[in-house]
Amino acid sequence: MPVVPATEEAIGRAAQALARGEIVAFPTETVYGLGADARDAHAVAKVFAAKERPRFNPLIVHVPNLAAAEAYAVFGATARKLADAFWPGPLSLVLPRRIDSGIADLVTGGLDTIALRAPNHRVAQELLAEAKLPIAAPSANRSGRVSPTMAAHVEAELGDVPAMILDGGPCPLGIESTVVGVAGDAPVLLRLGAVPREAIEAILGQALPLAREDAAISSPGQLERHYAPNTPVRLGATDVRTGEALLAFGPHAPQGAVAIINLSASGDLEEAAANLFASLRRLDEAGAKAMAVMPIPERGLGEAINDRLRRAAKAR
Ligand code: TXA
Ligand code: MG
């Protein structure tokens with residue numbers, strides 16, 4: 001049974017496991033990550049194998065802070081401003097990578113850029129401090145499935161892959177980090193996520209355009225049909241059809257669903273984001289004919305929630 005409460009002692013053992021080239025699942029403020037020593041190509045290969053992830057999909061490297069990040073990437077003025085404003089926190093920056101950084105090429109999928117983030121979670125920060133190494137960690141789900149927001153999700157999906165699953169309780173934000181590319185002329189939004197676009201634009205003092213889907217092979221988080229449950233998903237539902245489960249939002253949920261979960265009865269978008277993936281998993285298990293999803297307002301975190309829901313709804 002690899003799930004263990006994230007005590008100081010367990011984190012110490014997890015750090016040693018990482019240093020030995022083993023894989024450790026750990027909580028962050030966004031979702032659980034499947035971590036490996038980013039300098040160890042063999043360890044990173046185990047992560048790819050476990051996720052069954054296409055090789056071109058590069059990983060985010062987790063670091064304690066900006067000072068540590070500078071060993072791995074070149075920070076210009078804009079990148080520095082964003083790191084100052086949002087780190088530690090749910091923002092990943094894609095930056096020109098330093099050639100002699102020691103990061104395994106497999107981590108970056110052969111790109112000349114690297115994604116970095118400093119997580120804002122006690123367990124992740126203690127693990128980084130104990131291990132003293134950069135941790136490459138994708139979300140701890142199989143490729144194409146929804147991200148885990150609880151240790152039990154990791155255990156159910158990846159079973160015995162990690163040497164340990166550190167249980168730090170449910171992830172407070174529940175949706176993946178926002179990914180911003182700062183490697184080109186102007187910053188671009190590569191993946192909608194837990195930092196709302198407006199908050200980043202306020203710091204930049206300029207618009208942050210979303211990279212086009214077809215241009216986004218450089219950020220496969222953009223790939224359509226990511227984040228897919230098994231049950232077909234019907235968006236924008238204002239009623240419930242026969243045999244459907246309902247993913248509700250707000251106080252006015254229609255009746256008649258075979259199963260119902262409300263992302264936030266009060267209509268709070270942060271609460272909805274925190275509940276999103278666990279709710280998709282639970283409704284998926286209801287064995288319903290389809291999953292009807294009520295409309296979510298397209299503002300603040302609603303933009304990222306709708307992005308994940310649209311991908312979940314793509315016909316398979
Ligand atoms: O919240 C999160 O970001 C979680 C936690 C564990 O930190 N991690 C996560 O990792 O969601 P993953 O691997 O599932 O998603 C990483 C995203 C993908 O969309 C990937 O394409 C993009 O970051 N990415 C990574 N490196 C990149 C690079 N060099 N250029 C463009 N996109 C990159
Ligand atoms: Mg992922």
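On a predicted model such as this, the values are computed, not experimentally measured, just so you know.
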I'd like to know if [X] and [Y] make a salt bridge, using a cut-off of under 4.0 Å between side-chain N and carboxylate O.
| X | Y | answer |
| --- | --- | --- |
| Glu8 | Arg13 | no |
| Arg20 | Asp40 | no |
| Glu29 | Arg122 | no |
| Asp37 | Lys132 | no |

Hey, does the side chain of [X] reach the backbone of [Y] with a donor-acceptor pair shorter than 3.5 angstrom?
| X | Y | answer |
| --- | --- | --- |
| Glu198 | Gly300 | yes |
| Arg308 | Leu192 | yes |
| Glu270 | Leu301 | no |
| Glu201 | Leu208 | yes |
| Arg97 | Leu111 | yes |
| Lys51 | Lys46 | no |
| Tyr32 | Gly168 | yes |
| Asp284 | Asn230 | yes |

With a 4.5 Å cut-off on side-chain heavy atoms, are [Y] and [X] touching?
| X | Y | result |
| --- | --- | --- |
| Gln125 | Pro88 | yes |
| Leu263 | Leu276 | yes |
| Glu155 | Met150 | no |
| Val47 | Pro138 | yes |
| Pro2 | Met164 | no |
| His62 | Ile60 | yes |
| Ile305 | Phe249 | no |
| Val182 | Val94 | no |

Gln255 atom CD, over 12 foreign heavy atoms within 6.0 Å |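 Check fails, neighbour count at 12 or below.
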When rounded to the nearest 0.5 angstrom, what is the spacing between [atom1] in [X] and [atom2] in [Y]?
| X | Y | atom1 | atom2 | answer |
| --- | --- | --- | --- | --- |
| Asn275 | Thr149 | CG | OG1 | 8.5 Å |
| Leu116 | Tyr72 | CG | OH | 9.0 Å |
| Asp84 | Ile203 | CG | CD1 | 9.5 Å |
| Leu18 | Phe26 | CG | CZ | 8.0 Å |
| Thr231 | Glu244 | OG1 | CD | 11.0 Å |
| Phe86 | Ile200 | CZ | CD1 | 5.5 Å |

Quick one about [Y] and [X] (side-chain donor to acceptor, distance below 3.5 Å, no hydrogens or angles considered), yes or no?
| X | Y | answer |
| --- | --- | --- |
| Ser147 | Glu176 | yes |
| Arg117 | Thr28 | yes |
| Asn306 | Arg311 | no |
| Arg197 | Thr178 | no |
| Thr30 | Ser177 | no |

Nearest non-hydrogen partners of [X] and [Y], listed with the distance:
| X | Y | value |
| --- | --- | --- |
| Glu271 | Ser266 | OE1-OG, 3.8 Å |
| Ala248 | Asn262 | O-OD1, 3.2 Å |
| Ala124 | Pro27 | CB-O, 3.6 Å |
| Pro90 | Val195 | O-CG2, 3.4 Å |
| Gly21 | Ala43 | O-CB, 3.5 Å |
| Ile260 | Pro254 | CD1-O, 4.5 Å |

Evaluate the side-chain contact (heavy atoms from CB on, under 4.5 Å) criterion for residues Ile135 and Val61: first the C-alpha distance (whole Å), next the side-chain angles of each, then the deciding distance (0.1 Å), finally the verdict.
-> CA-CA 5 Å; Ile135 302 177; Val61 175; over 6 Å; no
Report the C-alpha separation of Arg98 and Asp112 in whole Å, then their side-chain angles, then the decisive distance to 0.1 Å, and conclude whether the salt bridge (charged side-chain N to carboxylate O under 4.0 Å, His left out) test is met.
-> CA-CA 8 Å; Arg98 288 193 189 280; Asp112 53 10; over 6 Å; no
By side chain to side chain contact (heavy atoms under 4.5 Å, CB included) - contacts of Arg281 (at least two apart) =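 In terms of side chain to side chain contact (heavy atoms under 4.5 Å, CB included), with neighbours along the sequence ignored, Arg281 is linked to Asn141, Val146, Pro148, His153, Glu157.
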List the steps, then state whether side-chain contact (heavy atoms from CB on, under 4.5 Å) holds for Leu204 with Thr78.
-> CA-CA 7 Å; Leu204 291 174; Thr78 302; 3.5 Å; yes
Common cluster, [X]/[Y], ILVMFWY with side-chain heavy-atom separation under 4.5 Å:
| X | Y | value |
| --- | --- | --- |
| Ile261 | Val258 | no |
| Leu166 | Leu173 | no |
| Leu95 | Val74 | no |
| Leu269 | Leu247 | yes |

Given the rule in the side-chain contact (heavy atoms from CB on, under 4.5 Å) test, do Val293 and Val233 qualify, once you have shown the distances and angles that lead to the verdict?
-> CA-CA 7 Å; Val293 182; Val233 173; 3.7 Å; yes
I would like to know whether Ile11 and Val123 meet side-chain contact (heavy atoms from CB on, under 4.5 Å); could you show each step before the answer?
-> CA-CA 7 Å; Ile11 293 170; Val123 175; 4.1 Å; yes
